[in-house]
Number of protein chains: 2
Amino acid sequence: MKRKVTLKQIAKELDVSISTVSKSLRDSPEISEETRLKVQAFAKLYNYKPNNIALSLKNRKTKTIGVIIPEIVHHFFSTVISGVESVANEYGYSVVVCLSNESFDKEVINMEMLANGSIDGFIMSLSKETQFKKDFHHINEVISQGMPVVMFDRITNEIFCDKVIIDDKQAAYEAVSYLIEKGRKQIALVTTADYVSVGKLRTDGYMKALADHDIAVNEKLIIRADDEIQCKQEVQKLLEQGAIDGVLAVNELYAVTIIKTANKMQIAVPEQLAVIAFTDGIISQYATPTITTVSQNGIKMGQTAAKMLIDRLEEEETEYSTAEQYTTEVIETNLIIRDSTN
Amino acid sequence: MKRKVTLKQIAKELDVSISTVSKSLRDSPEISEETRLKVQAFAKLYNYKPNNIALSLKNRKTKTIGVIIPEIVHHFFSTVISGVESVANEYGYSVVVCLSNESFDKEVINMEMLANGSIDGFIMSLSKETQFKKDFHHINEVISQGMPVVMFDRITNEIFCDKVIIDDKQAAYEAVSYLIEKGRKQIALVTTADYVSVGKLRTDGYMKALADHDIAVNEKLIIRADDEIQCKQEVQKLLEQGAIDGVLAVNELYAVTIIKTANKMQIAVPEQLAVIAFTDGIISQYATPTITTVSQNGIKMGQTAAKMLIDRLEEEETEYSTAEQYTTEVIETNLIIRDSTN
DNA sequence: AGATACGCCGAAAACGTTTTCGTGTTGAAA
DNA sequence: TTTCAACACGAAAACGTTTTCGGCGTATCT
């Protein structure tokens, strides 16, 4: 078991100073070619690699990005991580992932843990509980310490930082409009509680689409479901009443639940009921019928967020940071037409 | 923008030495109560938190676990991460995730990057390319430097380290046996190339089940598909010949592809074709019909791997490490019966 | 009174780097 | 021969901690 070799050991072995070794390895012109080559050869032989921790301490930067998300077992969030990871790596950054499990406390703990020197900046999406409590002190804390934060998807306007989102309202608007154009007249919206930021926006888009097409909003057709069971029950009621011929579900799980419910009631999808889901994921691609979705492009969100954060980090370096202007990038969505609409 | 406060700053402010501050904050009995309380109050006021990097450098350990997986946009791997994260957090460890994207080179680069002091140990699953090349020098490298490695799921016997796997052979055996018990006689196996370690084992289990039930193995019923398109084509051929009434697919995607193919050919699942998939994930739960699966319990795999690694790390601490015995934990699988079998 | 003990605190080393500055040697120019 | 620049290298500080050791002042014991 040969431990990692350090500059000091090389120096001692070669009977030169640590400085000489360091300079040699960094090809400093201060060092004679003879010494330089000798040191380099020795270092290569012993497979010397500089210690990241020591570098981090010295440079006061870690080249690491912290990502905090509510859940990783969630196709959307994994795609975001995937996107973050790709551009982070491209720029020589590592990624550390922490999960809040939708819990405020865990979100706070994780942030504090990472904020103490472990990372250079954050990319995060708020937990449900945080959105509910509207308590963002932990985020303001790290920002005020000069650590850049980029929020994505589940954001809040109460925090000033860079953000990347999709235009939830517009996306919902387009989805509902599509249903209307296809001749649907009684369109339900199945969403989550309003305190989840995206839920509210999607509801707004739904309403606007109806209004623009001169369809009256029927509050009974707006279902706020906490889980799939509730979703199923509520939708079943509406279907029994023959009250709907189209539905926009706020996520894939709800959409597939709705389709299954309809099937069980001998209601054909898409003939009698057209379904569109937010969040394009695996399920929509493999459900029967395949589901028309609003694609969120998590990869691109992740890539954009990472790029914004890294720009912020490198800009800081050059201390030009009078440009304290935060920006919000909007990632375009698009409707992926599949078999659950016609 | 108030930068994080350090011991040095507190010391200067309070006109004591750095040592005194450090000791006060760690409740050392060396320090008088008066000084101690004064320092603690001041530290609390300025929200002092020790710098992790400095601690890592001093203690030569980072309290961080490195996880390298082939893909994160994959339900199984995300559940594993989720499991790792939960027990890591419980023991005060962070998790940094790197993706190999099934590429050997990226796997090597990521490992070398993390191995230089960034983490205390690895949890990893081999990329396809690595399994194909059978080049494990990068893993042996870190192990020989005294860094513990735990491999899970996609492992190799050529590396000596702790491992956590499922009994792929046994699981396949049980799945096929179940099909046979349900009266299926012509059972196909749809798998991947044999160099993927789990592929080989599952094939073995399939063969053994047939043999134990006195059914001759028909090589034509063993399909090695590189992707879903190939899977579809091959299965379609078999179905046209009426050659099969049951199938074990090595993953969910293949299973759902097979079901869709059958549906299109007016072949009823499960009546005319029973389907079982390896890897219980989202798709199986929401496909139509829902799919009977071999559950892999990624969460538990992750938890077990994390526990093994942490045990290894803390054991090292006490330098009792004569126990250089590596163990392999086998996570039990179970068949989740759904609607694709009867 | 002198020796001893103890309470309280600071200096310094260590972790592994990078970098600035200083210093000794050499050779050439004056 | 003196002066000076160029060259090659080393010492030391710095990043932020923890911890060992030593020291000083006061109180206690003989």
Side-chain angles (χ1 to χ4, degrees), chain A residues 3-40 42-43 46-64 113 115-120 145-147 317, chain B residues 3-40 42-43 46-64 113-120 145-146 317:
Chain A
R3 279 227 110 67
K4 295 227 63 148
V5 61
T6 68
L7 289 186
K8 192 194 281 191
Q9 291 167 27
I10 298 181
K12 185 194 276 186
E13 207 75 26
L14 260 45
D15 205 38
V16 293
S17 76
I18 297 181
S19 334
T20 305
V21 178
S22 176
K23 288 172 191 165
S24 298
L25 295 178
R26 324 199 90 244
D27 281 324
S28 160
E30 271 187 61
I31 305 296
S32 71
E33 182 164 354
E34 191 194 341
T35 313
R36 192 159 45 79
L37 293 180
K38 187 177 63 178
V39 171
Q40 288 177 352
F42 192 90
Y46 281 83
N47 193 26
Y48 170 80
K49 296 270 167 48
N51 180 308
N52 286 331
I53 297 293
L55 286 180
S56 295
L57 184 58
K58 178 127 218 353
N59 302 331
R60 277 122 128 252
K61 70 175 100 130
T62 60
K63 284 278 191 177
T64 302
M113 179 172 206
N116 296 320
S118 302
I119 62 167
D120 295 340
Q145 282 168 4
M147 182 169 288
E317 207 143 312
Chain B
R3 277 228 114 63
K4 295 226 64 151
V5 62
T6 68
L7 289 187
K8 192 193 282 193
Q9 291 166 27
I10 298 182
K12 185 193 277 184
E13 208 73 27
L14 261 44
D15 205 38
V16 292
S17 76
I18 297 181
S19 335
T20 304
V21 177
S22 176
K23 287 172 190 165
S24 298
L25 294 178
R26 325 198 90 245
D27 279 325
S28 160
E30 271 187 63
I31 305 296
S32 72
E33 184 166 352
E34 190 194 339
T35 312
R36 192 158 46 78
L37 293 180
K38 186 176 65 179
V39 171
Q40 289 177 351
F42 193 90
Y46 279 83
N47 193 25
Y48 170 80
K49 296 270 169 48
N51 180 306
N52 285 332
I53 297 293
L55 286 180
S56 296
L57 184 57
K58 178 126 219 352
N59 301 332
R60 277 120 131 257
K61 69 175 96 136
T62 60
K63 283 279 191 176
T64 303
M113 179 173 207
L114 293 183
N116 296 321
S118 302
I119 62 168
D120 294 340
Q145 284 168 3
E317 207 144 311

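Here the structure is a predicted model, which means the values were calculated and not measured. Proteins get letters first, then strands, A, B, ... in listed order; numbering begins at 1 in each.
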Examine the side chains of [X] and [Y] and answer whether a donor and an acceptor come within less than 3.5 Å of each other.
X	Y	answer
B:Ser32	B:Thr35	yes
B:Lys4	B:Asn51	no
B:Ser17	B:Thr20	yes

For B:Gln40, what residues pass the side-chain contact (heavy atoms from CB on, under 4.5 Å) criterion, not counting sequence neighbours? B:Leu25, B:Asp27, B:Arg36, B:Leu37

Just call it for B:Leu7: base, sugar-phosphate, or nothing, with non-hydrogen atoms closer than 4.0 Å on any strand.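 Base, at least one base heavy atom under 4.0 Å.
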
Base, sugar-phosphate, or nothing for A:Ser22, non-hydrogen atoms under 4.0 angstrom?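 Here A:Ser22 touches the bases of the nucleic acid.
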
Do A:Lys8 and A:Val21 make a side-chain contact, defined as non-hydrogen atoms from C-beta onward lying under 4.5 Å apart?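 Heavy-atom side-chain distance check fails, nothing below 4.5 Å.
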
Minimal non-hydrogen separation, [X] against [Y], with atom names:
X	Y	value
A:Gln145	B:Asn47	NE2-ND2, 4.4 Å
B:Gly117	B:Thr62	O-CG2, 3.0 Å
A:Pro50	B:Asn116	O-CB, 3.5 Å

Heavy-atom contact window of chain B on DNA chain D, given 5' to 3' at under 4.0 Å: D:dC15 to D:dC21

Provide a list of protein-nucleic acid N or O atom pairs under 3.5 angstrom, restricted to nucleotides 5-11 of chain C.
{"unit_1": "C:dC9", "atom_1": "OP1", "unit_2": "B:Thr35", "atom_2": "OG1", "d": "2.7"}
{"unit_1": "C:dC9", "atom_1": "OP2", "unit_2": "B:Ser32", "atom_2": "N", "d": "2.9"}
{"unit_1": "C:dC9", "atom_1": "OP2", "unit_2": "B:Ser32", "atom_2": "OG", "d": "3.1"}
{"unit_1": "C:dC9", "atom_1": "OP2", "unit_2": "B:Thr35", "atom_2": "OG1", "d": "3.2"}
{"unit_1": "C:dC9", "atom_1": "N4", "unit_2": "B:Glu30", "atom_2": "OE1", "d": "2.4"}
{"unit_1": "C:dG10", "atom_1": "OP1", "unit_2": "B:Ser17", "atom_2": "N", "d": "3.4"}
{"unit_1": "C:dG10", "atom_1": "OP2", "unit_2": "B:Ser17", "atom_2": "N", "d": "3.0"}
{"unit_1": "C:dG10", "atom_1": "OP2", "unit_2": "B:Ser17", "atom_2": "OG", "d": "2.9"}
{"unit_1": "C:dG10", "atom_1": "OP2", "unit_2": "B:Thr20", "atom_2": "OG1", "d": "2.1"}
{"unit_1": "C:dG10", "atom_1": "O6", "unit_2": "B:Lys23", "atom_2": "NZ", "d": "2.4"}
{"unit_1": "C:dA11", "atom_1": "N7", "unit_2": "B:Ser19", "atom_2": "OG", "d": "3.2"}
{"unit_1": "C:dA11", "atom_1": "N6", "unit_2": "B:Ser19", "atom_2": "OG", "d": "3.1"}

